[in-house]
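Read the structure below first, then the notes.
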Amino acid sequence: MSQRRIWDISQTLRPDLPVWPGDTAFGFERTWRMEDGSPVNVARMTMSTHSGTHADAPLHYAADGSDAGDMDLSPYLGECLVVDARGVSNAIDIGDLPHIDSADRVLFRTWDTFPHGTWRSDWLPIAPETVEWLALQGVRLIGTDAPSVDPEESKTMAAHLAVLEHDLRILEGLVLDDVPEGRYELTALPLKIAGGDAGLCRAILRELP
Ligand SMILES: N[C@@H](CC(=O)c1ccccc1NC=O)C(=O)O
Ligand SMILES: [Zn+2]
Ligand SMILES: [Zn+2]
C-alpha cells in the first residue's frame, strides 16, 4: 500500500514567531530540566490564541460566538481545494476565482514565499463579497496563508462578519508554498481550549485516496 503524500501546511511555533503587532509573543521556557536532576524535561509555553496556524472560533468575531472548546470538527476534516490567488491586487474578489464546484473547503495561497521570519502587514485579504459567494457555492471553510481574512487595519472586520453570517469556519496562517493547486484531504483540528477565541492547529494536506 503506497503511502499518500503529506504536506505539512503549519507554521513552526518558536520564540521568534512573527505575531500580530501588540499581540503576545510566543514564549517557551523549560521548567523541569534533566540536567538539574529532574527525571524528565518539561517546558512552559506562552502564546496568543492566534499564534501561527490556527482556526478562529466564532467567539473571536462575535461576543456570543461559540469557543474553541466547543467546535464542530467536521469543517476541519475532508476534501479541500487549494487555489493560487497570487498576483491578485487589493483583495480576493469573485472575479479572481476559478470555477469552484462542489468544494466544501477552499484554501487560498497568496504569498509567493511565506514570510516565516518577518511580520508582513501587506497580505491579500478576502473581500466580504467573496466570502458570501463562496458560502452560496456551498463552501463551509475558508483557509488562507495570510494572518487574517481581513486587512490588518480593518475596524469593521467585514470578511469575518460575512463568515459569521454564513456560519463558515476559518483557517489562518497556513503555509502553502509547496502545494500545487488542486484537491487534497485536509486535516486541521483546532486545540480544544475552553473559552478560546481561536485554536492552534497542526494543519496537513494529504493526497486524496
Ligand atoms: N488572526 C487574527 C488577527 C487578529 O484579528 C488579531 C490578533 C491579535 C490582536 C488583534 C487582532 N485583530 C485586530 O485587532 C484574525 O482572526 O484575523
Ligand atoms: Zn485568527
Ligand atoms: Zn481571523
Side-chain angles (χ1 to χ4, degrees), residues 9-27 45-73 75-76 80 83 85 88 90-92 105-111 114-132 134-135 139-176 186 188-203:
I9 57 174
S10 311
Q11 295 180 57
T12 301
L13 296 171
R14 63 200 195 276
D16 63 350
L17 176 77
V19 298
W20 191 278
D23 201 5
T24 308
F26 185 86
M45 296 185 287
T46 51
M47 70 201 81
S48 164
T49 45
H50 295 256
S51 302
T53 304
H54 67 278
D56 287 357
L59 177 63
H60 178 54
Y61 40 83
D64 60 350
S66 57
D67 67 40
D70 178 27
M71 290 178 115
D72 171 11
L73 298 180
Y76 305 100
C80 73
V83 172
V88 168
N90 300 325
I92 298 176
R105 302 164 190 83
V106 176
L107 309 183
F108 288 109
R109 176 191 179 175
T110 67
W111 299 115
F114 187 91
H116 288 284
T118 57
W119 181 262
R120 290 273 304 271
S121 299
D122 59 337
W123 65 80
L124 186 65
I126 301 174
E129 299 75 19
T130 304
V131 172
E132 173 129 53
L134 290 168
V139 172
R140 297 177 59 205
L141 176 136
I142 296 174
T144 177
D145 57 3
S148 179
V149 293
D150 278 301
E152 181 175 294
E153 66 283 355
S154 173
K155 296 301 176 219
T156 61
M157 305 300 276
H160 283 87
L161 293 182
V163 163
L164 176 66
E165 184 184 339
H166 296 279
D167 197 27
L168 303 187
R169 294 297 181 267
I170 303 173
L171 289 174
E172 293 168 336
L174 297 170
V175 181
L176 297 171
L186 171 71
L189 296 174
L191 287 183
K192 191 172 188 179
I193 305 168
D197 53 273
L200 307 192
C201 295
R202 181 65 179 269

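Remember, it's 1-based here, ligands and their atoms both numbered in the order they're listed.
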Could you check whether any heavy atom of Asp56 sits closer than 4.0 Å to an atom of ligand 1, since that is the contact criterion I want to use? yes
Could you check whether atom CG of Asp72 has more than 12 heavy atoms from other residues, nucleotides or ligands sitting under 6.0 Å from it? yes
Taking only protein atoms, how many N, O or S atoms are found under 2.8 Å from the Zn ion (ligand 3)? 4
Might you point out which heavy atoms bring Thr130 and Ile92 nearest each other, and give the distance in Å? OG1-O, 2.5 Å
Distance col, row Arg14:CZ vs Ser51:OG, nearest 0.5 angstrom, shows 11.0 Å
With sequence neighbours excluded, residues passing side-chain contact (heavy atoms from CB on, under 4.5 Å) with Arg120: Trp111, Pro115, Thr118, Asp122
Is a donor on one side and an acceptor on the other found under 3.5 Å between the side chain of Glu172 and the backbone of Val149? yes
Does even one non-hydrogen atom of Pro147 get within less than 4.0 Å of ligand 1? yes
the protein heavy atom lying closest to atom 17 (O) of ligand 1 turns out to be Ser148 OG, 2.6 Å
Apply side-chain contact (heavy atoms from CB on, under 4.5 Å) to Glu165 and list each qualifying residue two or more places apart in sequence or on a separate chain. Glu132
I'd like to check which ligand 1 atoms, numbered from 1 as shown, lie under 4.0 Å from a non-hydrogen atom of His54. 1 (N)
Atom 13 (C) of ligand 1: nearest protein contact (heavy atom, Å): Trp20 CZ2, 3.7 Å
Which bit of Ala198 is near ligand 1, meaning a heavy atom under 4.0 Å away: side chain, backbone, both or neither? neither
Just checking, any donor-acceptor pair under 3.5 angstrom between side chains of Glu152 and Trp119? yes
Below 3.5 Å, can you tabulate the donor-acceptor pairs from side chains in residues 58-65 to any protein atom, sequence neighbours excluded?
residue: His60; atom: ND1; partner: His50; partner atom: NE2; Å: 3.2

Which residue owns the protein heavy atom closest to atom 8 (C) of ligand 1, what's the atom, and how far is it? Asp23 OD2, 3.3 Å
Shortest non-hydrogen contact between Leu141 and Tyr76, atoms and distance: CD1-CD2, 3.5 Å
Proximal candidate to atom 5 (O) of ligand 1 [heavy atom criterion; set His60, Glu172, His160, His50]: His60
